[in-house]
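Letters A, B, ... mirror the listed sequences (proteins, then strands); counts begin at 1.
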Amino acid sequence: MKRSDVILGMTLIMVAIWGWYETSTWAEIKTVGISVKAYPRAIFSFLGICGAIIGIRGYLSKDRSRTVWRWSTFLPVVFALAVYAIIIQYLGFLPSTIIFLISTMYLFGERRWKIIATVPLLGSYLIYLIFVKVLMVPMH
Amino acid sequence: MQIMDLSVLAFAFMGVVVGILFGAAPGLTATTAIALFTPMTFKMPINDSFAFLLAIYCGGYYAGSIPAILIKTPGAPGNAATVIEGYPMAEKGQAGKALSLSAGSSFIGGILSAFTLFLLAPFITEFALKFGSPEYFAVCMMGLACIASVSGKDLIKGVTGAIIGILISSIGMDSISGISRFTFGNIQMMGGVALIPALIGFFALTEVFSKTEGIGRDSVKKITEITNFIPRFMDYWPYRWTIIKSSIIGIIIGAIPGTGPTIASWMSYNEAKRTSKNPELFGTGSPEGVIACEVSNNAVTGGALIPLMTLGLPGDSVTAILLGALMIQGLSPGPMLLVEHFDLLSFFLWVLIVSNTALLILGLIGSRYAPYILKVPMQILVPFIMVFCVAGTFAVNNSYFDVKAAIILGILGFILSKFHFSMPPLVLGFLLGPLIELNFQRAMISSQMNPLVFVQSPLSIVIWAMTIFFTVFMYRRQKSS
């Protein structure tokens, strides 16, 4: 049994079932020839069928290989990016970008303090110039 | 449209440099570069914008051969076949020759495909103008079927990826009934997921998240010293038939909606090996193998632009982003594009010639500096790419909602890639989803709900037959490769 495919197949089937349920809550519009539910339901049905095939195939598979997840790097990066996307609205582009660059460079193993001190400052300012001053993107 | 403008030349040159840097850095691709830089072109005039983006396209596709030859790691999947001959050449001390042959071959493939685009596009446009909704629906299904058949090792996951893409594209207000779909009461979701944030999420952020797993774990590979090698005419002449065949394969595969350079280069490599006078040299560092792969890899560029310019369908993942770039410039990709803006075609030809010439010059002169690109510190580069992703996504609509959407789609793309999904089917599903739905609904309504409308016209039947043929052919080719 290939566990990752079984989990994936079950997830896709659950999404398909949710899709059918969600579309059942929509009001029917009679003026259009086709039901508004028809197209999404057709897509969810195909998704469910594909999920079932992947799940069954995974269950019958003799492949025991497992997906390697390196959560220790991925999760902190996603967290840092999410925090960056939020604080940029309150702190502004330059301060939040400098904080983000320093923290992610450190997270990725950069330990040369001269690099950490200079590159984020200069790089952030350069990007600020490109987007805010040249392209007039309102990221202040 | 001003095609001899100095700024066009400057942007084309810059684009090639950017494309080479991204294409050569292992783990980053031309697709990432174009996804990142497209938002920066919004405020540029259309000629500068497309000079820059098309040049990134050409430079990026060529530069994937640099790590393939020097460190046995293809810069992009399209350069995987180059590893087989390029790396043994480098081991024999012929790294400079392999890089130069690669640059020269990319130039030849790129130029031939540019002229093919120029010559064929008007005829295909004339043909495409006869398309109604049923024919358009069939063409979209052909794009999906083809890409699913060439997506990695797993057909069913390719199909599933395309379906997920279609589902994501269905978020927002239904264009015909006006009902809100999957918005969860969020007003910002009523407009659906915007194109560029989705492309940045699926291509750039997914790639960045994948890259973060390897930072600090990449083994440092020894790179041989390189001396510049200027190829002569006689280096290519013995392989003229290989060059012609590889160009044709690259252009045809590129022109099939949704395919791309990976299958083109493998097919050309296999064909070159099959018909070579010296097949025993293949696998030991055959220049013919490098030439076959790289000619077809860059011949895809012009080929992939054919469906984009004539049908509004992307030929590969990069043209999927260029489709968005065209829309941002206020153009509507589709059969009417060349009817209304025929000068765009001659402009594209000019830019492709300039870009391919620039990549040849930079590739030949700069091959001795190639190892420096490979030593780029990822722990510094990746955070900057993430900042570019955020700033570029925001720049599209000045919306933080788009930034959050791109991050979520990046996470989704990363998770799916862990389950061995490839991104192109997903993106093509996302792009074609609205077209499929719209043309399906239009065809059904206009035919009073008669499903036979999709197979009634001879044109539809031909397209469906081509869909079946290409899907089976691609799937078999992919499996045998």
Does the plane of the ring in F52(B) sit parallel, tilted or perpendicular to the ring in F11(B)? Use 30° and 60° as the thresholds. perpendicular
Is the Y128(A) ring parallel, tilted or perpendicular to the Y125(A) ring (thresholds 30°, 60°)?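 Y128(A) vs Y125(A) ring planes: parallel.
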What distance do T23(A) atom OG1 and R41(A) atom CZ have between them, rounded to the nearest 0.5 Å?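 If we round to the nearest 0.5 Å, T23(A):OG1 and R41(A):CZ are 3.5 Å apart.
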Would you mind checking which part of [X] comes under 4.5 Å of any heavy atom in chain B, side chain (CB onward), backbone (N, CA, C, O), both or neither?
| X | value |
| --- | --- |
| L47(A) | both |
| W18(A) | side chain |
| F100(A) | side chain |
| K2(A) | side chain |
| I115(A) | side chain |

Which residue out of L12(A), V15(A), I54(A), I7(A) racks up the most heavy-atom pairs below 4.5 Å with chain B?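 Sorted descending by pairs with chain B, the first entry is I54(A).
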Among D174(B), V403(B), I166(B), L416(B), who wins on heavy-atom pairs under 4.5 Å with chain A?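 Looking at each option in turn, the highest pair count goes to I166(B).
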Sort out for me which of L167(B), V390(B), I380(B) touches chain A most, counting heavy-atom pairs under 4.5 Å. L167(B)
Counting only heavy atoms not in F182(B) (residues, nucleotides, ligands), do more than 12 fall under 6.0 Å from its CZ?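 Count over threshold, so yes.
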